[in-house]
Engineer: 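One structure follows; several queries about it will come next.
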Protein chains: 2
Amino acid sequence: MNNPQDVVDFVHNGHKRYLPHLSIDCVIFGYHDQQLKLLLIRYHDQENWSLPGGFVERHEALTAAAHRILYEKTQLTNLFLQQFYIFGDSPTRLNRIEIQNNHNKVYAKANIAIDEDHWLAERTLSIGYYALVDYQEVTITPEFLVEGYCWVDINSVPELQYDHNEIIDRALVTLRSQLYQQSIGQNLLPEKFTLPEIHSLYEAILDRQFDRRNFRKKLLALGLVTQLEERRKIGPHRSPFLYAFNHEIASKPFEEGTMTEF
Amino acid sequence: MNNPQDVVDFVHNGHKRYLPHLSIDCVIFGYHDQQLKLLLIRYHDQENWSLPGGFVERHEALTAAAHRILYEKTQLTNLFLQQFYIFGDSPTRLNRIEIQNNHNKVYAKANIAIDEDHWLAERTLSIGYYALVDYQEVTITPEFLVEGYCWVDINSVPELQYDHNEIIDRALVTLRSQLYQQSIGQNLLPEKFTLPEIHSLYEAILDRQFDRRNFRKKLLALGLVTQLEERRKIGPHRSPFLYAFNHEIASKPFEEGTMTEF
DNA sequence: TTCTAATGCGTTTACTTTACACAATAAATT
DNA sequence: AATTTATTGTGTAAAGTAAACGCATTAGAA
């Protein structure tokens with residue numbers, strides 16, 4: 001929605017194209033400079049930032065919708081993208097007056113008033129998806145109603161619209177818990193990467209330090225990565241070996257938690 | 001919906017009361033005789049069994065809706081009930097003809113025809129919740145359109161309607177992975193229970209055997225249960241101590257998986 | 001050649017999990 | 001009253017896993 005006409009069409013006809021009462025909110029984690037960041041957007045005339053989101057088309061598979069929305073926001077495809085929860089309890093989601101108010105401020109930019117029984121003003125449940133992307137590869141397409149985009153550090157997320165802070169908290173917990181079961185790093189690292197590279201990535205995501213040597217043993221023991229023959233030239237120091245994710249093992253289906261005998 | 005009039009009202013006016021395109025499906029695990037079972041229902045003139053489900057009222061919190069639906073089906077309150085996924089990918093959910101067909105068979109019992117653009121015939125996403133109940137305490141209220149109920153063993157679930165088998169698979173994986181983080185046994189065991197009782201429960205849920213002595217150590221180490229002073233008389237054998245769940249620890253929020261250094 | 005800052009790889013120690021043995025006990029049987 | 005049987009209570013040794021740590025290797029710069 002890059003121009004006023006698109007917005008007008010969306011507001012007037014969106015209910016025919018999309019499932020009402022349901023949105024997808026994306027928690028897009030970005031990795032850059034050994035830091036974990038988060039993509040936020042701010043709509044026209046809104047004080048608080050929001051998570052990027054979108055709607056599900058009436059005959060579109062849910063996962064496909066999530067990928068489409070992510071593509072529309074970042075221009076990236078084939079990402080690691082995972083559903084983690086559906087949010088439908090927060091009182092902010094049931095406060096019709098606040099929701100209508102916010103929408104009216106946003107859509108005023110396109111000279112549209114959203115009345116009380118407009119489809120956009122109705123109660124919405126939100127399906128949370130999280131993705132991991134390379135900060136630098138994201139191409140933001142300027143949308144008409146979006147005033148600004150920003151990447152914030154995961155440790156200093158401001159107060160967001162509606163229940164979006166809760167959504168982020170839950171996304172982060174899920175991401176961290178899945179880090180050793182799925183090949184989550186895939187979109188953040190080149191096909192071949194060095195041990196120090198994946199080491200820094202994991203430290204950024206989990207926000208703690210790990211012993212370099214034990215870390216290598218762990219990844220190899222889990223079968224998450226394989227050491228290659230090649231090395232990479234990194235300047236004035238010893239050339240590190242390259243590693244690659246093990247697809248067979250890495251993409252195995254969701255697992256029971258790490259329970260041992262029990 | 002115990003009589004034809006209720007059904008007629010639901011079909012004609014349900015779209016005003018409930019959110020369309022969205023249902024809640026409940027995977028109700030029952031424990032009895034040291035076996036883990038599952039509650040299924042069969043609607044009128046349907047070949048396959050289904051999961052019990054329902055709709056979310058327009059201004060009802062999602063969790064509240066799940067509890068209400070579970071109460072309507074089982075007459076039980078205050079259960080351990082947990083959302084685990086939202087299903088919106090299965091091709092069966094997008095096959096309008098099959099859905100309309102099935103609905104027409106079901107609602108024929110109330111002499112209602114569901115036409116192509118009826119709200120019930122539209123595409124529906126389903127939010128999966130799972131619950132654990134004591135088999136014996138469940139009171140099934142006979143519903144007009146429901147031909148039968150049954151408890152099936154978790155290891156012999158028949159082919160179900162739509163994607164309900166997939167929903168069960170995922171519920172079971174989630175239940176098992178959360179068994180040591182949340183006080184899941186609470187609804188299945190009396191307030192005070194013996195070690196052999198909770199031991200059998202866990203074996204049934206995880207479908208494997210555990211060493212009695214290590215099991216006790218594990219539960220105590222996790223702080224999930226506390227040993228009481230009292231014992232229970234169990235007939236011709238040594239009286240076992242009673243245990244109780246530790247609420248403070250047990251009801252802590254969702255957790256990162258069991259990651260150690262990493 | 002030496003120095004520096006990084007990687008590669010191994011060993012020891014601590015902790016957690018698993019395997020296993022034997023004592024205690026409630027009631028029925030002799 | 002002693003014995004038997006089936007069950008529960010608790011400790012301890014062995015195995016496996018994770019954490020701490022030491023030292024050699026190496027690429028380029030001084």
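Lettering follows sequence order; numbering is per chain, from 1. This one's a predicted model, so the numbers in the text were calculated from it and none came from an experiment. Side-chain atoms are counted along with the backbone in the values below, which use heavy atoms only and exclude waters and symmetry mates.
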Engineer: Determine whether a donor-acceptor pair (N or O, by modelled atom type, separation under 3.5 Å) exists between the side chain of A:Asn165 and the backbone of A:Leu160.
Structural biologist: yes

Engineer: In whole Å, what is the span from the CD atom of B:Glu197 to the P atom of D:dG9?
Structural biologist: 11 Å

Engineer: Might you point out which heavy atoms bring B:Phe87 and B:Asp163 nearest each other, and give the distance in Å?
Structural biologist: CB-OD2, 3.8 Å

Engineer: Give the B/S/- string for nucleotides 25-30 of chain C, one per nucleotide from 5' to 3', where a protein heavy atom under 4.0 Å of the base yields B, of only the sugar-phosphate yields S, and otherwise -.
Structural biologist: BBS---

Engineer: In whole Å, what is the span from the CZ atom of A:Phe215 to the C1' atom of D:dT17?
Structural biologist: 17 Å

Engineer: B:Val133 and side-chain contact (heavy atoms from CB on, under 4.5 Å): which single residue from B:Asn187, B:Leu81, B:Leu76 fits?
Structural biologist: B:Leu76

Engineer: Using whole Å, what does the distance between atom C1' of nucleotide D:dG9 and atom OH of B:Tyr243 come to?
Structural biologist: 8 Å

Engineer: Measure the angle between the two terminal helix axes of the helix from C:dT1-D:dA30 to C:dT30-D:dA1, five base pairs each, and quote it to 10°.
Structural biologist: 30°

Engineer: Return the 5'-most residue of the pair B:Arg212, B:Lys217 with respect to DNA chain D, ranking by each residue's nearest nucleotide.
Structural biologist: B:Arg212

Engineer: In whole angstrom, give the distance that lies between atom CG of B:Leu219 and atom P of D:dG9.
Structural biologist: 13 Å

Engineer: How many whole angstroms separate atom CZ of A:Phe241 from atom P of C:dG8?
Structural biologist: 7 Å

Engineer: If you only use heavy atoms from C-beta on, which nucleotide in C:dT17, D:dT8, D:dC21 is closest to the side chain of A:Arg213?
Structural biologist: D:dC21

Engineer: Applying side-chain contact (heavy atoms from CB on, under 4.5 Å), name anything that partners A:Asn155, two or more places apart in sequence or on another chain.
Structural biologist: A:Asp153, A:Asp207

Engineer: Does B:Arg68 come within less than 4.0 Å of B:Glu72, counting only side-chain N to carboxylate O?
Structural biologist: yes

Engineer: Does B:Tyr31 reach the main-chain N or O of B:Leu201 with its side chain, forming a donor-acceptor pair under 3.5 Å?
Structural biologist: yes

Engineer: Does A:Tyr202 have its ring centroid less than 6.0 Å away from the ring centroid of A:Phe210?
Structural biologist: no

Engineer: Atom OH in B:Tyr162, atom CG in B:Asp25: separation rounded to 0.5 Å?
Structural biologist: 10.5 Å

Engineer: Figure out the CG/C1' separation between B:Asn214 and D:dG16, and round it to whole Å.
Structural biologist: 14 Å

Engineer: Has B:Gln227 got a side-chain N or O lying under 4.0 Å from the OP1 or OP2 atom of D:dT10?
Structural biologist: yes

Engineer: What is the distance, to the nearest angstrom, from the CZ atom on B:Phe210 to the P atom on C:dT17?
Structural biologist: 13 Å

Engineer: State which of D:dG9, C:dT7, D:dA20 makes the closest approach to the side chain of B:Pro240.
Structural biologist: D:dG9

Engineer: How many Å lie between CD1 on A:Ile234 and C1' on D:dT26, as a whole number?
Structural biologist: 10 Å

Engineer: Can a side chain N or O of A:Arg216 be found less than 4.0 Å away from OP1 or OP2 on C:dC9?
Structural biologist: yes

Engineer: Of B:Ile205, B:Leu206, B:Leu188, which is the lone residue that meets side-chain contact (heavy atoms from CB on, under 4.5 Å) with B:Leu36?
Structural biologist: B:Ile205

